[in-house]
Amino acid sequence: MPEGHTIHRLAADYRERFGGRPVRVSSPQGKFADSAALLDGAVLAHTEAHGKHLFLGFPGEEWVHIHLGLFGKVNFGGPVAAAADPVLPPPTDTVRLRLAAADAYVDLRGPTTCALITDAEKRAIHDRLGPDPLRADDDPAEAWRRISKSRTTIAALLMDQKIVAGVGNVYRAEVLFRHGIDPYRAGRDLSPGEWTAIWDDLAALMREGVRLNRIDTVRPEHTPEAMGRPPRVDDHGGEVYVYRRAHLPCHICGTEIRTADLAARNLFWCPSCQQR
DNA sequence: GTAGGATGCTAAC
DNA sequence: TTAGCCTCCTACG
């Protein structure tokens, strides 16, 4: 689940359900227990996302820094139904962080990072992240400065959070397909216009991802209905062109989708639609 | 029941 | 470049 759109969505969901209210803070799994005790009863004052990093702000410029990594999951819930005196279900023992109010809770499991940090430490995290297509004030030129000088492949550059924040393996594969760009092209071989188009498309796709809480990248004219084909089911919940479709025919040209290892991640692309 | 993978990242070699 | 971390789910016996 967790690419940047998930994290921005979580920032909004945490704010909507707990923002401005005092929250009970606990760490049933234990690894965040000391910090949870310090925060217990404090008001959740801010929530913010930058790329795949989530920040929960408490009074005194203290922040809970959360990074889901590959496995992290967040689960919102309410009281057990049909109880005369509504009670929240007890957390299971893998819950790293639970925030709870009288009528709602949110559980965090399996994150790479869940730590209490200072405002200065938070600033340092922002400083090492590139611009995020989902942050309105972020500047794509900052990313272009590095991409346009780099011999590294655009596929690797898009996954580098120092260069662009929030893009993961799905958006990487899909945006390159949508622009017909060979993933192995060097960053410096892209034109400024190509970069602008990629950035604008990422911003639009990821905004849609926040809204729907899933990744859909297939243009209306390429949906199965539009192309007169049987409906398809992508097993990660969204509709995509190439991600995890290795050896299946390309939706547009029928060529077999290829896959390869790139920087320890699976890359997917259509060798026919994505040339130059 | 078990193995293997997954939308991520970092430290160590 | 590799191992390691964190958890859950599916596929396969």
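In what follows, every heavy atom counts, from backbone to side chain, and hydrogens, waters and symmetry copies are set aside. Quick caveat: nothing in here was measured; it's all calculated off a predicted structure.
- For A:Y243 and B:dT7, the shortest distance from a side-chain N or O to OP1 or OP2 is below 4.0 Å.
- A:H46 meets the side-chain contact (heavy atoms from CB on, under 4.5 Å) test with A:W63; sequence neighbours excluded.
- Using bins of under 30°, 30° to 60° and over 60° for the plane-to-plane angle, the ring pair A:H126/A:F55 lands in the tilted bin.
- One atom, CD of A:E3, and another, C1' of B:dG8, lie 10 Å apart when rounded to the nearest Å.
- Residues satisfying the side chain to side chain donor-acceptor pair (under 3.5 Å) test with A:T217, not counting sequence neighbours, are A:E174.
- A:Q275 is not listed as a side-chain neighbour of A:D182, based on a closest heavy-atom distance of 4.5 Å or more.
- Looking at heavy atoms from C-beta onward, A:S150 lies in side-chain contact with A:L157 at the 4.5 angstrom threshold.
- For DNA chain C, none of the residues of residues 46-55 of chain A falls under the heavy-atom distance limit of 4.0 Å.
- Applying the salt bridge (charged side-chain N to carboxylate O under 4.0 Å, His left out) test to residues at least two apart or on different chains, none of the pairs has a partner in residues 249-270 of chain A.
- A:I66 places its CD1 atom 17 Å from the P atom of B:dG8, with the value rounded to the nearest Å.
- Not counting sequence neighbours, the partners of A:N169 by the side chain to side chain donor-acceptor pair (under 3.5 Å) test are A:R172.
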What's touching nucleotides 11-13 of chain B from the protein side, N or O pairs under 3.5 Å?
none

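- Phosphate contact (OP1/OP2 of B:dG8, side-chain N/O of A:H67, threshold under 4.0 Å): absent.
- Residues that satisfy the side-chain contact (heavy atoms from CB on, under 4.5 Å) test with A:P133, not counting sequence neighbours, are A:V164, A:W199, A:L202, A:A203, A:M206.
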All N/O contacts under 3.5 Å from nucleotides 7-11 of chain C to the protein, with atom names and distances to one decimal?
from	atom 1	to	atom 2	distance (Å)
C:dT7	OP1	A:Q29	NE2	3.3
C:dC8	OP1	A:T94	OG1	3.3

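- The aromatic rings of A:W195 and A:W144 lie parallel to each other, with less than 30° between the two planes, well short of the 60° mark.
- If you check residues 260-270 of chain A against DNA chain B, the residues with a heavy atom closer than 4.0 Å are A:R265, A:N266, listed by number.
- For A:R17, the side-chain contact (heavy atoms from CB on, under 4.5 Å) criterion is met by A:F76, not counting sequence neighbours.
- Rounded to whole Å, atom C1' of B:dT7 lies 11 Å from atom CE of A:M206.
- For A:A37, the side-chain contact (heavy atoms from CB on, under 4.5 Å) criterion is met by no residue, not counting sequence neighbours.
- Summarising the geometry, the separation between CG on A:L70 and C1' on B:dT10 is reported as 14 Å, rounded to the nearest angstrom.
- At whole-Å resolution of the value, CD in A:Q161 and C1' in B:dT10 are 13 Å apart.
- If you take atom P in C:dG13 and the same atom in B:dG5, they sit 14 Å apart, rounded to whole Å.
- Between the side chains of A:H8 and A:D132, a donor-acceptor pair is found at a separation under 3.5 Å.
- Using atom P as the reference point in both C:dC8 and B:dT10, the two lie 23 Å apart (nearest Å).
- The side chain to side chain donor-acceptor pair (under 3.5 Å) check on A:N75 picks up nothing, with sequence neighbours excluded.
- Residue A:E174 contributes atom CD, which lies 13 Å from atom P of B:dT7 at whole-angstrom precision.
- The separation between A:R244 atom CZ and B:dT7 atom P is 6 Å, rounded to whole Å.
- Rounded to an integer number of Å, the gap from A:L68 CG to C:dC5 C1' is 14 Å.
- In this structure, A:R98 forms a cation-pi arrangement with A:Y105, its terminal cationic atom sitting closer than 6.0 Å to the ring centre and no more than 45° off the ring axis.
- Residue A:R128 has its side chain nearest to B:dT10 when only B:dT7, B:dT10, B:dG8 are considered.
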